[in-house]
Amino acid sequence: MTLYYLLYFFALPVNCIAMILVFIRIYKGPTVFDRIVALDLLITMGIGTIAIYSIITKQPLFLDVAMILALIGFLSTVAFSYYLEKRKDND
Amino acid sequence: MTDILFIILCTIGSLVTLVAAVGILRMPDFYMRLSVTVKASTIGSGLLLLCAAMYFNVPDVTNRAMAIVLFLILTAPVAGHMIGRAAYMGKAKLWKDSKLDELEGMYDEDHHLRSGQSKKELQENDEKKADIQP
Amino acid sequence: MTNQLFTNIMLTLIWVMLSGNTSIPNFGFGFALGFVILYLTVRGVDNRRYFYRVPRLVRFVLRYIYEMLKANLQVTRTILMRKMDVAPAIIKYPLEAKTDFEITMLSNIISLTPGTLVMDISDDKKVMYIHTLYYKDKDSFIKYIRLNLEIKLLEVIR
């Protein structure tokens, strides 16, 4: 029971605050690269949040979503950086 | 008894994630943000997933969670390496108080990286030789 | 070497099937049991390499986790302090690892340690450029990575 309260009133809010901070960086970010790194961080935090949520609801099926999210996060980061490296003029 | 273990894992995981977020907001240049955040977030999510795996304690769920953790640990350095390289070629600036940059001038026009002297030093050497010869 | 690893895995699977318990601690126990059985049965000096390698691997993993925790605490303190005590620099690091696999493992391990990040590897695979947060001087940094990470890693892989 304490675990449930801890997850609901500590872990989820802390993750939420962290996500808001990352969103500020996405808004401010001087270059494109800052925004990409922030998006990557956001996806990794999403995986952690899904893990917490699956404990709260006692539904291990949510971990499948986390797995797909990890794959998509890695592929998107690599694709973005590859594209930006090949681009001729960097504004 | 095992509840205490879950509580410790979840607390540390959430706090590490928060530290990563504060780090990405406070660090002054791109490379420092990159080197701080990628690993911290991997460790935070890894601890939370470990907690989930130990909480359910069914073999297939445990294997799935461990697979995600392994995947995160394997891919985070690769992604960081690629985005850092692209940023250096895209001329993301280093912080003004950086101590040393030995990568400067090491890239050719077609993005090949040399290991010995940089382009500037080679040019200077050529000029010296040209000075001596006549 | 691969033969003995294969035998060890087979012994582990047999133990797990016979005991009928597919939890991860049981897998670990089966592996340890198979290792002891192999150690007792294999004869000849040439075949002993496997038995040095597995304890070395375990020691390397434990040591690496310790290094990672230490570096993590340092980075956390840096982030949370009001005035940051950072001195970032990009340093050229001459490689001792030769093959692609060794270089990949080394760069993965360096990148996973908080505070250091591999920027790029030169085309002729002689030099690696590392970004670090805590720069004191060049020689001590190169010495630290060589003694703590590279030599230990090459001991395990080679």
Side-chain angles (χ1 to χ4, degrees), chain B residues 15-16 18-29 31-32 34-40 42-43 53-54 57-60 62-63 66 73-85 87-89 94-95 97-104 106-108 111-116 118, chain C residues 16 21-27 65 68-69 71-82 84 86-95 104-138 141:
Chain B
L15 287 180
V16 167
L18 186 67
V19 165
V22 175
I24 203 175
L25 205 59
R26 282 200 62 197
M27 282 291 173
D29 89 2
Y31 303 98
M32 294 158 74
L34 184 61
S35 68
V36 165
T37 54
V38 172
K39 300 118 206 176
T42 308
I43 292 170
M54 288 165 78
N57 205 8
V58 189
D60 60 336
T62 312
N63 290 347
M66 285 300 120
I73 289 178
L74 279 180
T75 55
V78 180
H81 169 86
M82 282 205 72
I83 190 75
R85 183 181 140 96
Y88 199 90
M89 285 175 182
L94 264 84
W95 191 34
D97 284 354
S98 293
K99 298 292 180 208
L100 185 69
D101 182 10
E102 288 194 311
L103 193 56
E104 196 179 10
M106 291 305 223
Y107 279 110
D108 290 340
H111 292 184
H112 286 301
L113 183 61
R114 49 176 97 225
S115 63
S118 70
Chain C
V16 170
N21 178 4
T22 51
S23 63
I24 285 181
N26 202 29
F27 269 98
I65 290 175
M68 202 163 149
L69 284 181
N72 241 317
L73 281 180
Q74 195 184 10
V75 171
T76 307
R77 217 181 50 215
T78 302
I79 290 176
L80 295 182
M81 263 190 337
R82 182 162 294 171
M84 280 189 259
V86 285
I90 297 178
I91 296 173
K92 187 198 276 183
Y93 175 73
L95 282 169
T104 313
M105 291 305 289
L106 180 67
S107 61
N108 260 12
I109 281 174
I110 290 176
S111 285
L112 266 181
T113 318
T116 54
L117 180 81
V118 176
M119 296 284 297
D120 211 341
I121 298 161
S122 71
D123 282 4
D124 49 3
K125 291 173 195 159
K126 277 181 188 153
V127 175
M128 185 186 263
Y129 293 90
I130 304 177
H131 181 272
T132 177
L133 280 185
Y134 307 102
Y135 174 76
K136 279 198 209 79
D137 63 312
K138 211 172 137 183
F141 177 78

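All heavy atoms count here, side chains included; hydrogens, waters and symmetry mates do not. Keep in mind that this is a model prediction, so the values were computed, not measured. Quick note on labels: first sequence line is chain A, next is B, and so on, each numbered from 1.
For chain B, no part of C:M128 is nearby; none of its heavy atoms comes within less than 4.5 Å. Of the two parts of C:T104, neither the backbone nor the side chain holds a non-hydrogen atom closer than 4.5 Å to a non-hydrogen atom of chain B. Contacts of B:L25 with chain C are absent, with no heavy-atom separation under 4.5 Å from either backbone or side chain. When heavy atoms are compared at a cutoff of 4.5 Å, C:N72 approaches chain B solely by way of its side chain, counted from C-beta outward. Of the two parts of C:T132, neither the backbone nor the side chain holds a non-hydrogen atom closer than 4.5 Å to a non-hydrogen atom of chain B.
Smallest separation of non-hydrogen atoms from C:L117 and B:S35: CB-CB, 4.1 Å.
Atom CD1 of C:I130 and atom CG of C:D120 lie 12.0 Å apart (nearest 0.5 Å). Distance check, rounded to the nearest 0.5 Å: OG1 of C:T116 to NE2 of C:H131 gives 10.5 Å.
Judged by distance alone, the side chains of C:Y134 and C:T78 do bring a donor and an acceptor atom under 3.5 Å apart.
Interface check for chain B: of the options C:V75, C:L112, C:I110, the most heavy-atom pairs under 4.5 Å are formed by C:L112.
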Self-check item: B:Y31 and C:I90: CA distance, side-chain angles, deciding distance, side chain to side chain contact (heavy atoms under 4.5 Å, CB included) verdict
Solution: CA-CA 10 Å; B:Y31 303 98; C:I90 297 178; 5.9 Å; no

